[in-house]
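Atoms considered below: every heavy atom in the structure, side chains included; atoms not considered: hydrogens, waters and symmetry mates. Whatever order the structure lists them in is the order used to number ligands and atoms, beginning at 1.
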Amino acid sequence: MADYKEFLDSINRDAYHAGEYQWEEDGYTVTRTYHYSPPGCHSSCGLLYYVKDGKVEFVEGDPLDPCANGRLCMRCLNRVEAINHPDRLKYPMKRAGERGENKWERITWDEAYDIVERETRKVWEEYGPESILCTKGTARGTVWQLHYFFQAAFKTANVAHIGFTGYACYLPRTCGCIAPMGDFPIVDASQAHPDRYIADEFRPPEVLVVWGNEPLASNADGYIGHWLVQCVQMGSKIISIDPRLTWWGARAEFWLPVRPGTDAALACAWLNIIINEDLYDHEFVEKWTTGFDVIKEHVQEWTAERAAEICQIPVEDVIGSARLFASGNSSAIQWGLAFDQNMSAMALNLAAVDLMAICGNIDTPGGWLLVHNAYNVSRGSDNGVKWVDPEAAKKKATMHYVFNTDGEDFIHQAASEAVLHCMETGEPYPIKMWYAQSTNELACAAMDAPRLYKALKDIPFIAYADPFLTPTAVALADVVMPVAMSCERNSARSWWTPVRTLSKVTSYYEAKSDEEIIVELGRRLNPDAFPWETAEDFVNWFLTPQAGLASFGTKASANNQLDQKRFSEEFPFAGDLEGLQKAGGHAYDKFNATYRKYEKGMLRPDGEPGFATPTGRIELSPFTFKVWGLTPWPYFKEPPTGPVTSPGMFKEYPLILTCGGRSFEFFHSEDRQEPTMREFHQWPLLTVHPNDAERYGIRDGEWVWVESDRGRFRQVAYVCEKVKEGVVHAEHAWWYPEQKAEAPYFFGTFDSNVNNLTRAYEAGEGGVGSAIKNGICKIYPYREGDEMPYQVVADRDSWNEIIPGSDPYEVY
Ligand SMILES: Nc1nc2c(c(=O)[nH]1)N[C@H]1C(S)=C(S)[C@@H](COP(=O)(O)OP(=O)(O)OC[C@H]3O[C@@H](n4cnc5c(=O)[nH]c(N)nc54)[C@H](O)[C@@H]3O)O[C@H]1N2
Ligand SMILES: Nc1nc2c(c(=O)[nH]1)N[C@H]1C(S)=C(S)[C@@H](COP(=O)(O)OP(=O)(O)OC[C@H]3O[C@@H](n4cnc5c(=O)[nH]c(N)nc54)[C@H](O)[C@@H]3O)O[C@H]1N2
Ligand SMILES: [Mo]
């Protein structure tokens, strides 16, 4: 659809019932709505559900939806298989045998709630609310709901993503931006304009840097990858920075296959080149930034030659790509998870902000658009804080007080390592109850999964709410509650723009939506905090824009307090979920569609031009970093293991191990039950360069062990030049729903788990960032009869002896 106007004109709007919410067609009731979760995704695409006799029979993309233009990914197209899957949890159940035996007894919802309520009150009385740990997984349209629920119902501040060391997803990027800019940016691909690519002011990025991100597979963080394909069709040039050759790299002016974990060295060199060759935007730097001289001084040591050597890429490519980036009238960095999963996370994020700022690409068409959730419809992570028991709030598990300064808690999330410390040592208090909803820790989120398993299994009471019986639930849960899927749920979300809704078109046995569970259980535990009768009432509360609200779930800067009345138009669907659903399920605002908001006094609480930072300018060397105790300029630190840091060990484990690159078929540990997805992607794949395969005797399509000093796991070799020589790429979050559930197997979740090798208690400066994507390993063929990881985890707990409390309470 290179010509977007032509595409729009080609749609038969009558055939797609433009303007209608629901209609009858060939014996089906068709509903126009959105999908996000479960099964989950960060994005939200418009679709049509075809329902007959109460069952969804098929789905189709809605070409009238301006967000996704009718394009659906294979998972969304396969929703029917997920919705009707026989493995789905149908009823609440309680454990009938020993923990891990996979023996269950059906109970009613009342009984399930009774048990959770009883156990909660017991912990409140005997230990205090801080001894309750609540966890959720990545954002799937459950973020605003669950953060409130955990704080307000359980009264605990120990809300976490347990096992996920270094907050190593998105949080480094959000906080890394809020400090220097006061706001969060996303690449402008016209998504804030309802008329999209033909909007008057919109221009695609001239230079698009796809960096440590694969937008087509991941559609991460409320962003849809094919928007950027459209930009490329409209002329955007590509720089791809990725040890793997992706769709982007194959079409790039420069493909920079950096050694994993060294991106910050490259970013520092780009700053060096752009400053020293005088390629930056003088006017913008002088008028709108501070700290230029500090940055200039600190990047002098980062020559192109030095970065080329560290990153293992040609020096001319370092220089050429920096010049190309600086040459565009609009350039944009599309960044991803590799920014968070390394030890220089905050410094790397700052470097990207500095690069974008000094080249004048902030809040410009085709640059970095500064965004809020549309109409400020949002419930931040602090929304339930007033219900947290004040004593328990003081005892929130933190190790590094970076985001908890001067008594102000910026992120309202407990540090995963600190929670682990509580679990392993009982100090400063024990964890006596774990409530998990929308997370599958053992298969996915937990770094050092065997260690987490050991710590979690000693928690006396564990409740778990999920659409499926996951490895984590089998291994650990005492009560499981069946969660409704996206088509069985009335809900709303705002992740940037527009605000979008889900519509309930069917139901499944006794499964309840997250909102229903939250309201019903919330009313039992803390009725004052849950004044709502129904799930829809709760969603309508969300749909009421608030004054003084930060942009994303994190209230990451005290300066980011907005005056709702001054800066946002009236939200036409305030408290009106049904109205919004019937109006097509989306609502765009004007704030996000406005460029250069800093010139227009739209960002600061005082209404003056400028940015929402202490100085009103973009702080290239942020004051807030100093307050947080972070180095306030870009730097690079080597990964904790590798050719430079541990040359001796590197001789034994001579390959760099990166991991977790997303695939189209799966969202983290989800979708592995669906036969169609497994037909496309049957086993976990370890991508190995042909030269490395030859060197280590690996054959394409055969099982291979990946081992380090920390343990091993096995995946199937995919021998291919798509990965840099010397680097292997492993997939994450694998389990096998078709295999045995009961202990010690747990659906084989430890057998292929790259997180047998990743580490807990290892984070970057400030406790932020983690070396998840830059370990070391050796590889060798699997032989029939080899000891499997599940045996090690079950018999000996882990490969490594764990001495509780022995880990340094320090950061790398
Ligand atoms: N090695 C390695 N490990 C990684 C990563 C990596 O790149 N490499 N990535 C990391 C990242 S970035 C993240 S964010 C974490 C993610 O970790 P998690 O978010 O814990 O991911 P999942 O394992 O998919 O767990 C999601 C569970 O929630 C259920 N679910 C889905 N949608 C809903 C819903 O709407 N409501 C409810 N109640 N349940 C739902 C699913 O069925 C599934 O069982 O994993 C991390 N793990
Ligand atoms: N289908 C699907 N979509 C998802 C998810 C999923 O599991 N499945 N997970 C969701 C979540 S929670 C997240 S956080 C996002 C993440 O989505 P992305 O940000 O796209 O992250 P990844 O796919 O982990 O990695 C992106 C790219 O980084 C490259 N890479 C690895 N190491 C390095 C490095 O050191 N430097 C550089 N420059 N590149 C490196 C990988 O080869 C990969 O191509 O996706 C979300 N969307
Ligand atoms: Mo994530």
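Scored by the side-chain hydrogen bond (donor to acceptor under 3.5 Å, both in side chains) test, T138 finds H42 as partners (sequence neighbours excluded). For the side-chain hydrogen bond (donor to acceptor under 3.5 Å, both in side chains) test, no residue two or more places apart in sequence or in another chain qualifies with R493. Every ring pair (Phe, Tyr, Trp, His ring centres under 6.0 Å) that W211 has, sequence neighbours left out, goes to W270, F339.
Shown in contact with D263 at under 4.0 Å from a heavy atom are these atoms of ligand 2, numbered in order with element: 34 (C), 35 (O), 36 (N), 37 (C), 38 (N). Within the listing of ligand 2, atoms 34 (C), 35 (O) sit less than 4.0 angstrom from a heavy atom of P260. Every atom of ligand 2 is numbered from 1 in the order shown, and the set under 4.0 Å from a heavy atom of G261 is 34 (C), 35 (O).
Under 4.0 Å from ligand 2, not a single heavy atom of P215 appears. Proximity of R75 to ligand 2, defined as any heavy-atom pair under 4.0 Å, is confined to the side chain (atoms from C-beta onward).
For ligand 1, the 4.0 Å heavy-atom shell contains residues S37, P38, G137, T138, R140, T142, H161, F164, C169, L337, Q341, Q437, S438, T439, N440, C444, A445, M447, A465, D466, P467, T470, V483, R489, D514, C659, G660, R662, F667, H668, S669, E670, H732, V754, N755, I772, K773.
A donor-acceptor pair shorter than 3.5 Å can be found between the side chains of T470 and Y464.
Note: W144 and F538 have tilted aromatic rings, judged against thresholds of 30 and 60 degrees for the angle between ring planes.
To the nearest 0.5 Å, atoms OG (S752) and CG (L686) are separated by 10.5 Å. The CG atom of L208 sits 10.0 Å away from atom CD1 of I333, with the distance rounded to the nearest 0.5 Å.
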Report the C-alpha separation of S381 and H147 in whole Å, then their side-chain angles, then the decisive distance to 0.1 Å, and conclude whether the side chain to side chain donor-acceptor pair (under 3.5 Å) test is met. CA-CA 6 Å; S381 59; H147 229 101; 4.8 Å; no
